[in-house]
Structure formats: C-alpha cells, structure tokens
Amino acid sequence: MANIRIKNLCKSYRSDSKAVDDFNLEIGDKEFLVLVGPSGCGKSTTLRMIAGLEDITSGEIWINDRLVNDVPAKDRNIAMVFQNGALYPHMSVFENMAFGLKLRNYPKAEIQKRVYEAAEILGIKQYLERRPRELSGGEHQRVALGRAIVRKPVVFLFDEPLSNLDAKMRVHMRTEIYKLRMRLQTTFIYVTHDQTEAMTMGDRIVVMNKGVILQCADPMTVYNRPVNKFVASFIGSPPINLMSGKIIKKDLKYFFDEGKFRVKISDPMCPKIASYNGQEVILGIRSEDIYDKLFVSEASSENTVRAICEVVEPLGSEVYLYLTTGKHSFIARVGTHDRSDVNRDMDLVFDMSKVHFFDSKTEETII
C-alpha cells in the first residue's frame, strides 16, 4: 500500500526550458491515476522521476511519508512496465519473471511460488518455458506485467504499455490491467497519450501539456467541465468541435454568431457570457450533442444550423457525419437512422445546454 506526494517537481534538460514545471500532486493509496497528454508533454519524464530512473532538478517526491529523492530506484519498492516490455530475449518467460527476485537473493522456493502465482493471475502458465520471440504482443506484455507482480511492489508504474499492440489487443489488455488492479489493490500510475485509455481506466486523469498540469479530476469531470480549450479538444473521441464567432445581444437574448449561422445561448449561461457581448469567443460542442432536425421535436430556428454533409462514416452502431457551414467544419455523431447523403444540405440542431465557450485570447473556459 502506498500514497505518493509530489511537491514542486521540476525537470530541466537545458537552462532555457523545463520538461516538467512545478508539478504538484497527491496520489492516494490504491488509486489508479492516469497521466495523459501529447508526446513531449512531460508525462513519461514525471513517471521516470517517481521510479528513480531520472534525476530530479528540483522538488520532492514522498512515498508513504518517506522522501525518496536520493533513494536508488531498486530501493523504492516500485515496479515499472515499459512500452516494449523490455524482456531478455535469451531467457525463458519463467527466467524473465524471476530475474528481479534472483538479483535480490530470494530463496528458490519463494521465487518459484511467486512466479507461478503471477502466471496464474495473468493466465500465462503455459508459456513459462517459452522465449519472448515465441510470444504474441499481448502475451509479451503479460510477461512484463508478471515480472512486476512477482516483486509485490507498493506502486505499479506503466509507461504506455499498450501502444505497440493492435486495436483489438489494446482493448483486451485494458480490461486485463483493470482487473489486475482490482485484484492486487495497490497504487497504479499509468502514462498514455491515448485519451480512451485515460477515460476508461483512471480514477483520476491528469492532463498535461508542455510540462504543466492543466487539469486533474475524475474522467467525466474532465470530459464535461474542461478548464480550457486544450483539455476540451484533447479529451474525447472524436475531438470536440470548435468554432469561432461573436457574442451578440438582441431583444434581451444572447446569441453566438458564427458568420454563417446564429444560435441562441441558453438562459442559464447568459450571466457568464454577458461580459463578452460584442467580442469574439470560441464555441465548443461535442459530436453527440448535434442532432438531425428531422428527429428532434423541440427544434427551433434559434438552435438550428444549416450545413453541407461532406462525408458519411458508418460505424455499425452509429454514424459520423462530417459537415461544413462554409466557414467551419464539424462532426456529428448520430444514430444509424440519421444517415445522410453526401453533398446534401442538412438542418442540424445544437444542444445549447451542452456547449462550452472559451475565451479567444486566453483559451480558458468561460462556461
């Protein structure tokens, strides 16, 4: 069991830039925390500093109330699973899983017990005598997990462990890692650039960019209440639709005027948007909050947008419509009964109770 406190953590490779800048976070015991962000945002560097594989420029890392800044990686009781599994090709699966225990001079009987227990948990007992080259990608990563499990660490660290797997295997391994977490009941810190992994696996998500934490919250809070445009556009698939336009007040009502269309802002949002009257803002709307007007009984001219359907992408249970107003392109995610024809004008309804507005200069969330 472990809780982790990170205070003012910084990492600089050059004097003029920081890979990680003033990172502050508390990670609870048995929590599954996901660090997510684009390549180069500092998430893997942060993970490696927690593991003791990367020197800290400044700041503090505490594990169970013990300052570990100067504690070697081997003495932190942390296990790390890497992107490529990092198995020794000349060793069998058993030998790979047992290697760390042998270095620590565990008795042979204890090593065998732990390896067989981990293999049973992961369903890889039948592979113990094989070499890594005889394994599939998913089996390879299970062995890497097993090598971490046998050590019985207080914290598991994962550095994009599924990025080299195909789509079907990634889904399967996500489930396996989550079940493993529930069984082991210990602290997990997971790094990924895949927002789907972050949304489905984490108790909390830490969204990073340029070495800085932008938002830390549970997945649905990050999805429904992003703090800025970057978070809104990074979390969600397909990405949130973004359109620039001006706030206009007419007849005591507030509207968003994109240039090609105008939609009424919902009354609860008006107090916060009122100060932007006459100014440029950015409207954000998720693809699932846009509907075909033919199937919306409460549609009105005040929330309807005329657009041309450029591409239809059927996905079985749903359909993606790629549309354009002539000024902005956007995506609507609709049911199979809503399927449109290409190059056809459509009337779309925006659910104005679900939209977000961002300051065009700061890109911070207005509402």
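These values consider heavy atoms only, across backbone and side chains, with no hydrogens, waters or symmetry-generated copies. Keep in mind the model is a prediction, meaning the values are calculated, not measured.
Taking hydrophobic clusters as Ile, Leu, Val, Met, Phe, Trp and Tyr residues chained together by side-chain heavy-atom distances below 4.5 Å, V281 shares a cluster with I367. In this structure, V93 is a member of the same hydrophobic cluster as I111, with clusters built from ILVMFWY side-chain heavy atoms closer than 4.5 Å. There is a path of hydrophobic side-chain contacts, each under 4.5 Å, that joins V334 to V355. Side-chain heavy atoms closer than 4.5 Å link hydrophobic residues (I, L, V, M, F, W, Y) into clusters, and following such links, even through other members, never connects M199 to L35. Follow the hydrophobic side-chain contacts under 4.5 Å out from I78 and you never reach F32; the two are in separate clusters.
Y223 has its side chain out of reach of I205: every pair of non-hydrogen atoms, C-beta onward, lies at least 4.5 Å apart. Residues Y13 and T45 are in side-chain contact: their nearest non-hydrogen atoms beyond the backbone lie under 4.5 Å apart. Side-chain atoms of V20 and C10, non-hydrogen and from C-beta on, never get closer than 4.5 Å to each other. Annotation: side chain of L145 is not in contact with side chain of F156 (no heavy-atom distance under 4.5 Å). Between N64 and N3 the shortest side-chain heavy-atom distance falls below 4.5 Å. No side-chain heavy atom of L103 sits less than 4.5 Å from a side-chain heavy atom of K74. Residues P132 and H140 meet the side-chain proximity criterion, which asks for heavy atoms closer than 4.5 Å. Within the 4.5 Å cutoff, the side chain of V68 has no heavy atoms near those of the W62 side chain.
In D75, the CG atom is crowded: over 12 heavy atoms of neighbouring residues, nucleotides or ligands sit closer than 6.0 Å. For K293, the NZ atom counts as densely surrounded, since its 6.0 Å shell holds more than 12 non-hydrogen atoms of other residues, nucleotides or ligands. Atom CG of D345 sits in a crowded spot, with more than 12 heavy atoms from other residues, nucleotides or ligands closer than 6.0 Å. Under a cut-off of 6.0 angstrom, the local environment of CZ in R225 is sparse, with at most 12 non-hydrogen atoms contributed by other residues, nucleotides or ligands. With a 6.0 Å radius and a threshold of 12 heavy atoms from other residues, nucleotides or ligands, K260 has its NZ atom at or below the threshold.
Note on D65 versus R5: salt bridge recorded, some NZ/NE/NH1/NH2 to OD/OE distance being below 4.0 Å. Using a 4.0 Å cut-off between charged side-chain N and carboxylate O, D257 and K250 make no salt bridge. A salt bridge is absent between K327 and E258; no separation between the charged side-chain nitrogens and carboxylate oxygens falls under 4.0 Å. Salt bridge R204/D218: absent, no basic N to carboxylate O contact under 4.0 Å.
Judged purely by atom type and a 3.5 angstrom limit, T365 uses its side chain to pair as donor or acceptor with the backbone of P226. Counting only distance, with no hydrogens or angles, the side chain of R104 and the backbone of G100 share a donor-acceptor pair below 3.5 Å. A distance-only check finds a donor-acceptor pair linking the side chain of K43 to the backbone of G37 [under 3.5 Å]. No side-chain donor-acceptor contact under 3.5 Å links T192 to the backbone of A198. For the pair N303 (side chain) and V349 (backbone), a donor-acceptor distance under 3.5 Å is absent. Looking only at distances, a side-chain donor or acceptor of N241 sits under 3.5 Å from a matching main-chain atom of I285. The backbone N or O of K249 lies less than 3.5 Å from a partner atom in the side chain of N277, making a donor-acceptor pair. Under a 3.5 Å cut-off, the side chain of R170 and the backbone N or O of L162 do not form any donor-acceptor pair. Judged purely by atom type and a 3.5 angstrom limit, N69 uses its side chain to pair as donor or acceptor with the backbone of I61. A donor-acceptor contact shorter than 3.5 Å is absent between the side chain of H328 and the backbone of L242.
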Exercise for the section: Could you go through the salt bridge (charged side-chain N to carboxylate O under 4.0 Å, His left out) check for K125 and E120 one step at a time? Expected result: CA-CA 6 Å; K125 287 184 71 173; E120 181 71 34; 3.5 Å; yes

Handout entry: Worked check of side-chain contact (heavy atoms from CB on, under 4.5 Å) between M97 and I124
Key = CA-CA 11 Å; M97 292 174 65; I124 55 174; 4.0 Å; yes

Exercise for the section: Step by step, work out the side-chain hydrogen bond (donor to acceptor under 3.5 Å, both in side chains) result for S163 and Q83. Expected result: CA-CA 7 Å; S163 59; Q83 182 175 343; 3.0 Å; yes

Practice task
Could you please spell out the steps behind the side-chain contact (heavy atoms from CB on, under 4.5 Å) verdict for Q141 and N164?
Solution key: CA-CA 10 Å; Q141 283 303 91; N164 290 334; over 6 Å; no

Practice task
Step by step, work out the side-chain contact (heavy atoms from CB on, under 4.5 Å) result for R174 and T196.
Solution key: CA-CA 10 Å; R174 280 207 310 262; T196 301; 4.0 Å; yes

Practice task
For the pair E95 and Y88, evaluate side-chain contact (heavy atoms from CB on, under 4.5 Å) and give the outcome as yes or no after the intermediate values.
Solution key: CA-CA 9 Å; E95 290 167 335; Y88 295 106; over 6 Å; no

Handout entry: E176 and K179: CA distance, side-chain angles, deciding distance, salt bridge (charged side-chain N to carboxylate O under 4.0 Å, His left out) verdict
Key = CA-CA 5 Å; E176 291 299 311; K179 288 193 293 186; 3.3 Å; yes

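The two residues D359 and K361 have their closest heavy-atom pair at OD1-N, 2.8 Å. In this structure, S266 and M352 approach most closely via the heavy-atom pair OG-O, 3.6 Å. Of all non-hydrogen atoms in C270 and Y254, the two that sit nearest each other are SG-CD1, 3.7 Å. Among all heavy-atom pairs drawn from F256 and M243, the shortest one is CZ-O, 3.5 Å. Minimum heavy-atom separation, S237 to Q195: CB-NE2, 3.1 Å. Nearest heavy-atom pair across M208 and T46 is CE-OG1, 3.9 Å.
Each of T186, D203, T187 was checked for a side-chain hydrogen bond (donor to acceptor under 3.5 Å, both in side chains) with R181, and the lone residue meeting it is D203.
Note: F158 and F188 have parallel aromatic rings, judged against thresholds of 30 and 60 degrees for the angle between ring planes.
For E280, there are no salt bridge (charged side-chain N to carboxylate O under 4.0 Å, His left out) partners, not counting sequence neighbours. Residues satisfying the salt bridge (charged side-chain N to carboxylate O under 4.0 Å, His left out) test with D289, not counting sequence neighbours, are K354.
Interatomic distance, CD of E363 versus CG of N228, reported as 7.5 Å (0.5 Å rounding). Atom CD1 of I366 and atom CD1 of I273 lie 4.5 Å apart (nearest 0.5 Å). Note that CD of E313 is 10.0 Å distant from CD of E318, once rounded to the nearest 0.5 Å. Separation of atoms CZ (R183) and CD1 (I149) is listed at 9.0 Å; rounding is to 0.5 Å. Within the model, atoms CD1 of I6 and CD1 of I50 stand 3.5 Å from one another, a figure rounded to the nearest 0.5 Å. Distance check: I247 CD1 to Y276 OH gives 10.0 Å after rounding to the nearest 0.5 Å.
There is a side-chain donor-acceptor pair under 3.5 Å between S44 and D159.
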